[in-house]
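Below, each value reflects all heavy atoms present in this structure, side chains not excepted, and no hydrogens, waters or symmetry copies. What you see is a predicted model, and the numbers here were worked out from it, not measured in a lab.
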Amino acid sequence: NIIDERKYEELVAEIKSKEIVNFDEIGIKFENIRFDDEYSALLKVDPVEDFRMLYEEAKEVGDKEKAFKYALKCAEAGEAYMMYIVGTAYEYGKGVDDDEKKAFEWYMNAAKNNDSYGMCKVGDFYSEGKIVAKNERKAFEWYMKSAKNNNIYGMWNVGECYSKGKWVDKNERKAFE
């Protein structure tokens with residue numbers, strides 16, 4: 001699938017003339033051909049999938065700024081796991097200045113969209129009293145939600161709570177489960 005050069009130049013001009021690109025409008029006009037912000041052709045139909053692929057490529061070569069940019073596009077489009085990735089970027093300053101408040105907001109968005117990693121990180125924030133008031137009950141609840149969604153870190157945290165009697169009654173049987 002080689003792109004007609006005239007169509008490509010027409011698309012580049014269209015993208016450059018807008019601050020925000022409406023991929024659906026361009027997709028219809030240009031037969032579902034997708035492009036990233038740097039005007040490289042991507043022959044896919046789903047822009048979120050395109051941005052996820054670009055995120056993976058940038059991550060692979062260690063370009064944290066580009067990886068963050070594409071993860072953010074996916075997260076803003078509603079992809080829950082990428083919301084968690086954006087939270088991680090903000091928490092640890094990967095490709096963006098660290099900002100624990102934004103990290104927590106993105107983790108909470110991920111958790112509310114059923115991402116088990118986001119749930120676990122929300123539990124961590126409550127456990128440590130980062131950005132939010134320390135609240136062991138809420139921390140345990142988020143760890144439990146994460147564990148129920150088969151997240152190994154959530155399972156470990158719940159097991160740790162039960163084995164040590166941390167925030168719950170000590171219960172070796174439940175810790176083992």
Side-chain angles (χ1 to χ4, degrees), residues 1-126 128 130-132 142-143 145-146 149-154:
N1 290 347
I2 298 175
I3 302 167
D4 179 272
E5 194 172 321
R6 186 179 57 73
K7 278 189 177 182
Y8 180 79
E9 292 304 319
E10 191 177 329
L11 179 60
V12 169
E14 174 118 1
I15 292 173
K16 286 182 179 180
S17 72
K18 293 182 178 183
E19 223 175 280
I20 299 172
V21 177
N22 180 335
F23 281 99
D24 291 334
E25 180 185 318
I26 291 171
I28 293 165
K29 187 172 179 180
F30 293 94
E31 304 165 357
N32 291 327
I33 296 169
R34 303 294 186 204
F35 296 80
D36 74 3
D37 327 45
E38 295 169 350
Y39 320 119
S40 301
L42 295 175
L43 302 176
K44 294 188 182 279
V45 175
D46 181 5
V48 174
E49 186 180 329
D50 294 344
F51 289 129
R52 178 120 190 200
M53 183 189 75
L54 290 166
Y55 160 78
E56 295 293 342
E57 288 174 3
K59 182 179 154 192
E60 192 174 303
V61 298
D63 189 337
K64 292 177 184 175
E65 288 78 21
K66 269 192 177 180
F68 174 78
K69 177 175 81 171
Y70 293 122
L72 183 61
K73 286 180 184 278
C74 291
E76 288 171 341
E79 191 173 330
Y81 178 70
M82 285 304 198
M83 292 175 189
Y84 160 77
I85 294 295
V86 169
T88 302
Y90 276 118
E91 184 176 10
Y92 300 105
K94 293 181 179 179
V96 66
D97 291 337
D98 63 328
D99 184 328
E100 286 187 334
K101 185 175 187 291
K102 285 184 180 178
F104 180 76
E105 289 169 1
W106 279 107
Y107 289 144
M108 184 59 81
N109 286 337
K112 287 179 178 178
N113 281 281
N114 262 350
D115 180 77
S116 64
Y117 291 98
M119 293 171 188
C120 196
K121 290 304 285 186
V122 169
D124 288 346
F125 272 65
Y126 279 113
E128 298 166 22
K130 286 167 113 176
I131 302 303
V132 294
W142 281 108
Y143 289 148
K145 287 178 185 181
S146 178
N149 279 285
N150 298 316
N151 184 287
I152 192 163
Y153 302 108

Exercise. Can you spot which of Tyr153, Tyr143, Trp142 makes a side chain to side chain donor-acceptor pair (under 3.5 Å) with Asp124?
Key: Tyr143
Quick check: closest heavy atoms across [X] and [Y], and the distance to 0.1 Å?
X      : Y      : result
Cys120 : Gly154 : SG-N, 3.7 Å
Tyr55  : Ala67  : CD1-O, 3.1 Å
Gly118 : Ala110 : CA-CB, 4.1 Å
Asp98  : Tyr92  : CB-C, 4.3 Å

[X] versus [Y]: any side-chain heavy-atom pair under 4.5 Å?
X     : Y      : answer
Tyr84 : Lys121 : yes
Tyr81 : Asn113 : no
Glu76 : Val86  : no

Quiz prompt | Whether over 12 other heavy atoms sit under 6.0 Å from Lys130 NZ | solution = yes
Quiz item: In this structure, are over 12 heavy atoms from other groups packed under 6.0 Å from Tyr117 atom OH?
Solution: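 At most 12 heavy atoms, drawn from other residues, nucleotides or ligands, come within 6.0 Å of this atom.
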Practice problem: Verify the distance criterion only: is there a donor paired with an acceptor across the side chains of Glu91 and Tyr107 at less than 3.5 Å? | Solution: yes
Quiz item: Taking atom types as modelled, is there a side-chain donor on Asn151 or Ser116 under 3.5 Å from an acceptor on the other?
Solution: yes
Quiz prompt | Candidate pair Val96 and Tyr90, rule side-chain contact (heavy atoms from CB on, under 4.5 Å), full reasoning | solution = CA-CA 6 Å; Val96 66; Tyr90 276 118; 3.6 Å; yes
Nearest-0.5 Å distance that lies between atom [atom1] in [X] and atom [atom2] in [Y]:
X      : Y      : atom1 : atom2 : answer
Asp115 : Ile85  : CG    : CD1   : 8.5 Å
Lys69  : Phe51  : NZ    : CZ    : 8.5 Å
Lys94  : Lys59  : NZ    : NZ    : 8.5 Å
Glu79  : Met83  : CD    : CE    : 8.5 Å
Thr88  : Phe68  : OG1   : CZ    : 11.0 Å
Met119 : Met108 : CE    : CE    : 10.5 Å

Quiz item: Between Asn149 and Lys145, is there a donor-acceptor pair closer than 3.5 Å when you use the side chain of the first and the backbone of the second?
Solution: yes
